[in-house]
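Just so it is clear, the values below take in all heavy atoms, side chains as well, and ignore hydrogens, waters and symmetry mates.
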2 protein chains.
Amino acid sequence: MFKALDDETRRLILDELAVRNGQTLFEICSTLTMRHGIGSTRQAISQHLAVLEDAGLVTSERRGRTKLHHFDPTPLEAIARRWPNTRKADP
Amino acid sequence: MFKALDDETRRLILDELAVRNGQTLFEICSTLTMRHGIGSTRQAISQHLAVLEDAGLVTSERRGRTKLHHFDPTPLEAIARRWPNTRKADP
DNA sequence: ACGATAGGCAAGTATTGGCTTGCATATCAA
DNA sequence: TTGATATGCAAGCCAATACTTGCCTATCGT
């Protein structure tokens, strides 16, 4: 999962899905090109989505010939759970 | 910062510093070897610590010929801030 | 001063990962 | 069915990076 987050393009994909869930691959490509200057090809984005799906950060459902992608922030909770704030504890 | 988290050894270093702050480089090397099976050299761990420091996740202070390392979870808050839980929002 | 301890710097290697290219599959509309 | 749309698969290329090796600097104890 940490690997999935270690890429600005993938983080932007999560941003866009957080704004509008259920986007298709082509929609994501368009949005990334429009709102950010991402000029990646469809295949590149597809591979990014595969990484995000493997990490459990994105779920997908086929709808005919399209595939709708949804952002699932659940795995992010593991981060806060692993390193709870200990700032007040030590000098 | 996400790059810094994308490495199990570095994550283990944060774990150990969260347990006991202010460890030196050699202490961290020992702990990683003892508690986890990490057989990395001192230089490898040193480079990991440099990455963690660049990410702001670790601070350090020189104490004579030793260098004490402290875990700072503050940058992690950016994750929760960037993707607040939207699960309840959409189908 | 001298040896020992704690750490830093830098170059080389080898693996990983992001991206492209080319072709294949599946669904819809006419 | 046929063409167009939407996506999947796989091999190859290139840059980033984790790790090692070897040497150097600084601090402490005696």
Let me check something: any side-chain donor-acceptor pairs from residues 51-59 of chain B under 3.5 Å, sequence neighbours excluded? List them with distances.
unit_1   : atom_1 : unit_2   : atom_2 : d
Glu53(B) : OE1    : Ser60(B) : OG     : 3.2
Glu53(B) : OE2    : Ser60(B) : OG     : 3.1
Glu53(B) : OE2    : Lys67(B) : NZ     : 3.3

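- Distance Ile13(A) CD1 to dG18(C) P: 11 Å, rounded to the nearest Å.
- Residues satisfying the salt bridge (Lys or Arg N to Asp or Glu O under 4.0 Å) criterion with Arg35(A), sequence neighbours excluded, are Glu16(A).
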Checklist entry - Under the side chain to side chain donor-acceptor pair (under 3.5 Å) criterion, do His70(A) and Glu61(A) qualify, and how do the steps go? => result CA-CA 8 Å; His70(A) 303 269; Glu61(A) 47 166 340; 3.0 Å; yes
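- Legend: residues meeting salt bridge (Lys or Arg N to Asp or Glu O under 4.0 Å) with Arg62(B), ordered by chain and number and at least two apart, are absent.
- In terms of phosphate contacts, Thr41(A) brings no side-chain nitrogen or oxygen within less than 4.0 Å of OP1 or OP2 of dC19(C).
- Residues Ile45(A) and Ser40(A) share a closest heavy-atom pair of CD1-CB, 3.9 Å.
- Taking atom CG of residue Leu68(B) and atom C1' of nucleotide dA6(C), one finds them 12 Å apart after rounding to whole Å.
- Closest approach of Phe2(B) and Ile79(B) over heavy atoms only: CE2-CG1, 3.9 Å.
- With rounding to whole Å, Asp54(B) atom CG is found 13 Å from dG8(C) atom P.
- Place Asp7(A) and Lys67(B) on DNA chain C by their nearest nucleotides, and Lys67(B) ends up nearer the 5' end.
- Rounded to 10 degrees, the angle between the two end axes of the helix from dA1(C)-dT30(D) to dA30(C)-dT1(D) is 30°, with five pairs used at each end.
- Straight-line distance from the CZ atom of Arg10(B) to the C1' atom of dT16(C): 13 Å, rounded to whole Å.
- In this structure, the side chain of Ser46(B) does not engage the main chain of Arg42(B) through any donor-acceptor pair within 3.5 Å.
- You'll find that the side chain of Gln47(A) is closest to dA11(D), out of dG7(C), dA11(D), dA18(D).
- Rounded to an integer number of Å, the gap from Leu52(A) CG to dG18(C) C1' is 13 Å.
- OP1 or OP2 of dC19(D) lies within a sub-4.0 Å distance of a side-chain N or O belonging to His48(B).
- For the pair Leu49(B) CG and dC19(D) C1', the computed distance is 15 Å after rounding to whole Å.
- Arg10(B) meets the salt bridge (Lys or Arg N to Asp or Glu O under 4.0 Å) test with no other residue; sequence neighbours excluded.
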Next on the checklist: Base contacts versus sugar-phosphate-only contacts with protein, heavy atoms under 4.0 Å: please encode nucleotides 23-30 of chain D as B, S and - from 5' to 3'.
Outcome noted: ----BB--
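- Annotation: side chain of His69(B) is not in contact with side chain of Thr24(B) (no heavy-atom distance under 4.5 Å).
- Considering only side-chain N and O atoms, Ser46(A) lies nowhere under 4.0 angstrom from the phosphate OP1 or OP2 of dT7(D).
- Looking at the side chain of Phe26(B), the nearest of the listed nucleotides dC19(D), dG17(C), dG7(C) is dG7(C).
- When the P atom of dG18(C) is taken as reference, atom CD1 of Ile38(A) falls 13 Å away, rounded to whole Å.
- The distance from atom CD1 of Ile45(B) to atom P of dA6(C) is 16 Å, rounded to the nearest whole Å.
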